[in-house]
**Q** 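Encoded as structure tokens, here's the structure I'll be asking about.
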Amino acid sequence: MKTVVYEDFTDLELNEFPYDRGHTALGEYHYIKQEGTYANWYDPICLHQWRSLDGSWLVTSDGKKRYMEQNRGHQSKGAFENVFCCLVHRQKLYADFTLEFDLRLFEVKNYCGVALNYLTSRVYDFIGIRKNEIVFYHRNEETFTEYAKKEFLLDDLKTYHFILCVSNQIKIYVDSVLIFEENFMFQEGLGFGLVAKSACRYSDVVVQMTEKNYQKHILLEQKKKERLLEKKKAYPALKCIHKIDLKNFGSGRQLRIRMVDGKPIFLIAQHQKRMIRDSFARLSCLTCFDYEGNVLWQKGEANSSEDNTLISCDLPFQIADINGDGKFEVIYSMDFMVYICDLLTGNILKEMPTPIIEGDPNVLNEPYYRLNVDAIRVADFEGLGYKGDFILKDRYQNVWAYNKKLELMWRYHHKNTGHFPYIADFDQDGKDEMFVGYDLIDHDGTMLFSLPMHSDHTDEIIYARLKQNEPKRLILASGNEGMNIVSLDGTIYKHNEIGHAQRISVAKYLKDEEGLQIMATAFWGSDGILCIYDSEGRLLKQKEVPFNGNLISPVNYDGTHILALLNASLEGGLIDGDLDSVVFFPEDGHPTLSAEVFDIDGDGIDEILCFDSKEMWIYKAQQHTEPTPYIKYTDDGFSNYRGEFLLPKEYDVD
């Protein structure tokens, strides 16, 4: 027998397996790798319900042997009831194998065991035990299909030795006793992992193959590598074309960009957290700078510490021609005031206080007398012909709409607002409407429809035509409500479970597929899941990557290929419509925390901006052809919670 995997955990620190100690949302759109030793494993589970709790996995020892302990027990509930702690091995298996491991349960109410045919933390086959039984089932999202179950009298003081013989049948032995022998569909190229919902202890995890199967495994593994290498040859490499020193005013992903006289002007924001984590941050410094890094103006005092630069929300500032004079202004909120200033000089043109919220029955748990603005977006609710109106939003409860005279026009309060409303002229009457949370609101504040969804909130929204000669529809990443396609009459056209749907994008990712494709990610409870759907919302493919910060922003890469940016790390890079990694960033010391896609030279080919609190590096494909024009998300509505799209012009005709 050939040993493919031998894990006695001696190559890991005698410590908790690396995890986000704050259980934060930073990894939704920042690439953050926690310090520590990973060896051949990764943990794909993050959950806000675990705040103030320790990590899921702990490496321990009795002086003779190392163990991997599930260190959390069962600490998930509600929509996350079916979140199991997972520790996934990076080795994929391409031929029949035998998996052996030892397992002892420290708490016996819930299942502990292993996953086979592991695709994601929500799709796998599972073998495990608890107090009175051993079970073999298949998980597909929230559906659990039982293959076999048997009574099993468990002794909590005993360590059990499992042997799983995997082929077109599976034989499951516990302490040399055959428990199950079942038909099985082993899927080549998938993996395995430790999966547990109770405190338990694993040791001596071993995967072996016969000589014949090992040779098959090596051959298929090599063929996959060669296929990917061949794919990569079609794409020119990324090249750094420019660097900007951000001095002390850099930040996380809080960036706005506009083109002025053919050159980019950048606006970046820092913050200070107040009251409750990220909920009521103060915009503390706003810096406007040019392509050479020259500071044009600055509001507030810069401080590039982590506390002032890393946050898991939007900050309230946008660049737009809010005066309709052909020049750009900045609208921002700082210290309970809203300001409109000239983009190039910072000179204040208009200002107003934010609304008084003390005593307002529709504002709950806000700690201030006036509104601490969560997000700003410009609009044209009046039919001005330009974005002269704007909205202010609090955290998940209300939206206030103001006209160009800074007068309140109307107020929204109904369902959870989510992070960033989508504003567009949906009915082509010359006035904007607003889709917020689960509701479509007319230009005068009248509700047009409300979706029958009530939990969680919508993180990202796209309004696009997915097939020519079909109507535009709303595409929503709505957290625990999944990924949904919604018609403009309020009908749910397609619903997909994905876990906590976090990000979406739409583009022509697959040339041979009809129409456009939707890409989506999950985060809370199941990080790293990537899905791609066809123009009808049918799942084409999914996979799991062992890292966070997956933006899935569409990139007009070289005039020929449309790719999706995951992140700027060495393991992230850009993927194609098959979800294969085809372009990687060079190992040159560039920033990896944040990334943005923007055509900063106006030639139709996208650049990728990689930045952190200290510097910005700008990358571009080394070679490119004459690009096809595309419609992108409007530059007056930047947000960390907007669904990105790259639409061929023929798809945007109304």
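The first residue of the sequence shown is numbered 1, and numbering continues consecutively from there. All of these numbers come straight from a predicted model, not from anything done at the bench.
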**Q** Is the side chain of Arg51 donor-acceptor paired with the backbone N or O of Leu53 at a distance under 3.5 Å, no angle test?
**A**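 Not a single qualifying donor-acceptor pair exists.
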**Q** Can a cation-pi geometry be assigned to Arg201 and Tyr67, taking NZ or CZ under 6.0 Å from the six-membered ring centre and within 45° of the ring axis?
**A**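 The answer is yes; both the distance and angle limits are met.
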**Q** Distance only, no hydrogens: is a donor on one side chain within 3.5 Å (strictly under) of an acceptor on the other, for Asn110 and Arg130?
**A**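 No, no side-chain donor-acceptor pair sits under 3.5 Å.
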**Q** For the residue pair Asn213 and Thr210, confirm or rule out a side-chain donor-acceptor distance under 3.5 Å.
**A**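 A pair is found: one side chain offers a donor N or O, the other an acceptor, under 3.5 Å apart.
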**Q** Are Phe144 and His138 near enough that their ring centres are under 6.0 Å apart?
**A**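 They do not qualify: ring centres at least 6.0 Å apart.
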**Q** Decide yes or no for Tyr533 and Met483: does some side-chain heavy atom of the first lie under 4.5 Å from some side-chain heavy atom of the second?
**A**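 Yes, their side chains come closer than 4.5 Å.
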**Q** Start with the C-alpha gap between Glu81 and His74, add the side-chain angles, then the distance that decides, and say whether side-chain hydrogen bond (donor to acceptor under 3.5 Å, both in side chains) holds.
**A** CA-CA 9 Å; Glu81 172 67 25; His74 176 29; 3.3 Å; yes
**Q** Hydrogens and angles aside, do Glu142 and Asn82 bring a side-chain donor and acceptor to less than 3.5 Å of each other?
**A**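 Yes, because at least one side-chain N or O of Glu142 sits under 3.5 Å from a partner of the opposite role on Asn82.
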**Q** Angle class for the Tyr202/Trp57 ring planes (parallel below 30°, perpendicular above 60°, tilted otherwise)?
**A**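 Plane angle between 30° and 60°, so tilted.
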**Q** Indicate whether the side chain of Thr592 and that of Ser569 have a donor and an acceptor atom separated by less than 3.5 Å.
**A**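 Looking only at side-chain atoms, Ser569 and Thr592 do not form any donor-acceptor pair under 3.5 Å.
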**Q** Looking only at side chains, do Ser56 and Gln70 share a donor and an acceptor under 3.5 Å apart?
**A**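 There is no such pair (donor and acceptor under 3.5 Å, judged by atom type) between the side chains of Ser56 and Gln70.
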**Q** Is the closest side-chain heavy-atom distance between Asn550 and Tyr31 below 4.5 Å?
**A**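 Side-chain contact under 4.5 Å: no.
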**Q** Looking only at the aromatic ring of each residue, does the gap between the centers of Phe585 and Tyr619 stay below 6.0 angstrom?
**A**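 Yes, the ring of Tyr619 comes within the 6.0 Å limit of the ring of Phe585, centre to centre.
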**Q** Just checking, is any N or O donor in the side chain of Tyr214 or Gln208 under 3.5 Å from an acceptor N or O on the other one?
**A**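 On atom types as modelled, these side chains do not qualify, holding no pair under 3.5 Å.
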**Q** State whether a side-chain donor-acceptor pair under 3.5 Å links Glu13 with Thr37.
**A**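 There is such a pair (donor and acceptor under 3.5 Å, judged by atom type) between the side chains of Glu13 and Thr37.
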**Q** Using modelled atom types and a 3.5 Å cut-off, is there a donor and acceptor pairing between side-chain atoms of Asn480 and backbone atoms of Asp456?
**A**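 Absent.
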**Q** Would you kindly say whether Asp374 and His419 are connected by a side-chain donor-acceptor distance under 3.5 Å?
**A**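 Side-chain D/A pair, Asp374 to His419: absent.
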**Q** Compute whether any side-chain donor of one residue and acceptor of the other, for Glu7 and Gln91, lie under 3.5 angstrom apart.
**A**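 Side chains of Glu7 and Gln91: no pair found under 3.5 Å.
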**Q** Run the side chain to side chain contact (heavy atoms under 4.5 Å, CB included) test on Asp527 and Ile45 for me, step by step, so that the C-alpha distance in whole Å, both residues' side-chain angles and the decisive distance to 0.1 Å come before the verdict.
**A** CA-CA 6 Å; Asp527 191 14; Ile45 309 298; over 6 Å; no
**Q** When the ring planes of Tyr124 and Tyr118 are compared, do they come out parallel, tilted or perpendicular, using 30° and 60° as the limits?
**A**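 Answer is parallel, since the angle falls under 30°.
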**Q** Is there a donor-acceptor pair closer than 3.5 Å between any side-chain N or O of Arg282 and the backbone N or O of Arg274?
**A**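 Side chain of Arg282 to backbone of Arg274, a donor-acceptor pair under 3.5 Å: no, none is there.
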**Q** Parallel, tilted or perpendicular, judged at 30° and 60°: which one describes the rings of His590 and Trp617?
**A**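 Answer is tilted, since the angle falls between 30° and 60°.
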**Q** Hey, does the side chain of Asp580 reach the backbone of Val582 with a donor-acceptor pair shorter than 3.5 angstrom?
**A**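 Judged by distance alone, no pair lies under 3.5 Å.
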**Q** Answer yes if the ring centres of Phe152 and Tyr160 are under 6.0 angstrom apart, and no otherwise.
**A**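 They qualify: ring centres under 6.0 Å apart.
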**Q** Can Ser639 and Asp314 be counted as having a side-chain donor-acceptor contact under 3.5 angstrom?
**A**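 Yes, Asp314 and Ser639 have a side-chain donor paired with an acceptor closer than 3.5 Å.
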**Q** A side-chain contact here means heavy atoms from C-beta on lying under 4.5 Å apart; do Leu116 and Val166 qualify?
**A**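 Sidechains of Val166 and Leu116: in contact.
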**Q** Looking only at side chains, do Gln254 and His271 share a donor and an acceptor under 3.5 Å apart?
**A**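 Per modelled atom types, Gln254 and His271 side chains form no pair under 3.5 Å.
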**Q** On the 0 to 90° scale, with breaks at 30° and 60°, tag the Phe84-Phe126 ring pair as parallel, tilted or perpendicular.
**A**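 Aromatic pair Phe84/Phe126 classed perpendicular.
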**Q** Could you go through Phe180 and Tyr147, starting from their C-alpha distance and side-chain angles, then the distance that decides it, and tell me whether this counts as ring pair (Phe, Tyr, Trp, His ring centres under 6.0 Å)?
**A** CA-CA 10 Å; Phe180 296 129; Tyr147 295 141; over 10 Å; no
**Q** Do Phe192 and His89 have ring centroids that are under 6.0 Å from one another?
**A**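 Ring centroids of His89 and Phe192 are less than 6.0 Å from each other.
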**Q** Under 3.5 Å, is there a donor-acceptor pair between the Asp43 and Tyr38 side chains?
**A**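 Absent: no donor and acceptor within the cut-off.
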**Q** With distance as the sole criterion, is a donor-acceptor pair present between the side chains of Thr120 and Glu544 under 3.5 Å?
**A**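 There is no such pair (donor and acceptor under 3.5 Å, judged by atom type) between the side chains of Thr120 and Glu544.
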**Q** Is a donor on one side and an acceptor on the other found under 3.5 Å between the side chain of Gln169 and the backbone of Lys171?
**A**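 Not at all, since once roles are kept as given, no pair shorter than 3.5 Å links the two residues.
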**Q** Under a plain distance cut-off of 3.5 Å, with no hydrogens placed, do Arg21 and Tyr19 share a side-chain donor-acceptor pair?
**A**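 Tyr19 vs Arg21: donor-acceptor pair found between side chains.
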**Q** Tell me yes or no: between the side chains of Asp125 and Asn117, is some donor less than 3.5 Å from an acceptor?
**A**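 Distance-only check passes for Asp125 and Asn117.
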**Q** Does the side chain of Thr10 pick up a donor-acceptor pair with the side chain of Asp8 at under 3.5 Å?
**A**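 Judged by distance alone, the side chains do pair up.
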**Q** So do the side chains of Val114 and Val195 get within less than 4.5 Å of each other, counting heavy atoms only?
**A**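 Side-chain contact under 4.5 Å: no.
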**Q** Between Asp278 and Ser312, is there a side-chain donor-acceptor contact under 3.5 Å, judged purely by atom types and distance?
**A**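 There is such a pair between these side chains.
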**Q** Do Leu246 and Ser304 touch side chain to side chain, with heavy atoms closer than 4.5 Å?
**A**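 Answer no - side chains too far apart.
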**Q** Determine whether a donor-acceptor pair (N or O, by modelled atom type, separation under 3.5 Å) exists between the side chain of Arg66 and the backbone of Leu12.
**A**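 Looks like yes, one N/O pair under 3.5 Å.
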**Q** Contact between Lys2 and Phe97 at the side-chain level, heavy atoms closer than 4.5 Å - yes or no?
**A**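 No. Closest side-chain heavy atoms not under 4.5 Å.
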**Q** Could you tell me whether the side chain of Asn140 and the main chain of Thr143 form a donor-acceptor pair under 3.5 Å?
**A**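 Between the backbone of Thr143 and the side chain of Asn140 there is no qualifying donor-acceptor contact (under 3.5 Å).
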**Q** With the side chain counted from C-beta on, respond yes when Leu539 and Cys531 share a heavy-atom pair under 4.5 Å apart, and no when they do not.
**A**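 A side-chain contact exists here, since the closest heavy-atom pair is under 4.5 Å.
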**Q** I'd like to know if the side chain of Asn303 pairs up with that of Gln270 as donor and acceptor (distance under 3.5 Å, no hydrogens or angles considered).
**A**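 Short answer, no.
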**Q** State, yes or no, whether a side-chain contact exists between His457 and Asp459 at a heavy-atom distance under 4.5 Å.
**A**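 Side-chain contact under 4.5 Å: yes.
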**Q** Please determine whether ring pair (Phe, Tyr, Trp, His ring centres under 6.0 Å) holds for the pair His161 and Phe101, giving the CA-CA distance in whole Å, both sets of side-chain angles, and the decisive distance to 0.1 Å.
**A** CA-CA 6 Å; His161 183 65; Phe101 63 96; 8.0 Å; no
**Q** Between the main-chain N or O of Gln75 and the side-chain N or O of Trp50, is there a donor-acceptor pair closer than 3.5 Å?
**A**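 Looks like yes, one N/O pair under 3.5 Å.
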